[in-house]
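See below for the structure under consideration.
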Amino acid sequence: MAASDRTSTKGGSNSPPDDPNNSSPAPSEISTIALSLVGTFVAARCLAVVSRLATALAAPICGFYLMSTCPTNETFDSKKELKRVLRGFYKSDADPSKPKNFFEKALAKVNATVEAEAAAFAGCNVEII
């Protein structure tokens, strides 16, 4: 074997530096990966702080909005709301038991009125505490 046929590199291995089987990354790749991990960690921490701050600010603002737009207890009419529920007012349009045409709506209205009056006659009432 001639001396010119041998390729010698630093570290004593006989593989060339651009060999794909060489699995150790270059020092610049390691620093790039480390910098990316640190950057990701810092970004995640910043997002967590912003999220906590947004929650801390949004909760009281939402609470104030809900309390200011909530109707008073004196405006609540239990018989009227009972009739709405019995008529199917709060059901979604896709619900098969919701009245669709004029006759179903009229029948549901009559049934709701009769049931609400029967409940009121029996002494049932709703109190908001």
Measure across P60 and T55 and return the closest heavy-atom pair with its distance rounded to 0.1 Å.
CD-O, 4.5 Å
Throw together a table of side-chain donor-acceptor distances under 3.5 angstrom for residues 38-54, partners on residues two or more places apart or in other chains.
{"residue": "T40", "atom": "OG1", "partner": "S36", "partner atom": "O", "Å": "2.8"}

Pair listing, side-chain hydrogen bond (donor to acceptor under 3.5 Å, both in side chains) test, anchored in residues 101-115, at least two apart:
none
Of all residues at least two apart in sequence or in a different chain, which pass the salt bridge (charged side-chain N to carboxylate O under 4.0 Å, His left out) check with K79?
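For K79 the salt bridge (charged side-chain N to carboxylate O under 4.0 Å, His left out) partners, ignoring immediate neighbours, are E117.
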Evaluate the side-chain contact (heavy atoms from CB on, under 4.5 Å) criterion for residues E81 and Y90: first the C-alpha distance (whole Å), next the side-chain angles of each, then the deciding distance (0.1 Å), finally the verdict.
CA-CA 10 Å; E81 290 300 318; Y90 296 111; 2.8 Å; yes
[atom1]-[atom2] distance between [X] and [Y], expressed to the nearest 0.5 angstrom:
| X | Y | atom1 | atom2 | answer |
| --- | --- | --- | --- | --- |
| C62 | M67 | SG | CE | 13.5 Å |
| L35 | I33 | CG | CD1 | 11.0 Å |
| L107 | F102 | CG | CZ | 11.0 Å |

Any link between V85 and F89 through a network of hydrophobic side chains (Ile, Leu, Val, Met, Phe, Trp, Tyr) touching at under 4.5 Å?
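The answer is yes; both residues are in one hydrophobic cluster.
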For K91, does its backbone N or O pair with a side-chain atom of K98 as donor and acceptor, under 3.5 Å?
yes
Atom NZ of residue position K80 - does it have more than 12 heavy atoms of other residues, nucleotides or ligands inside 6.0 Å?
no
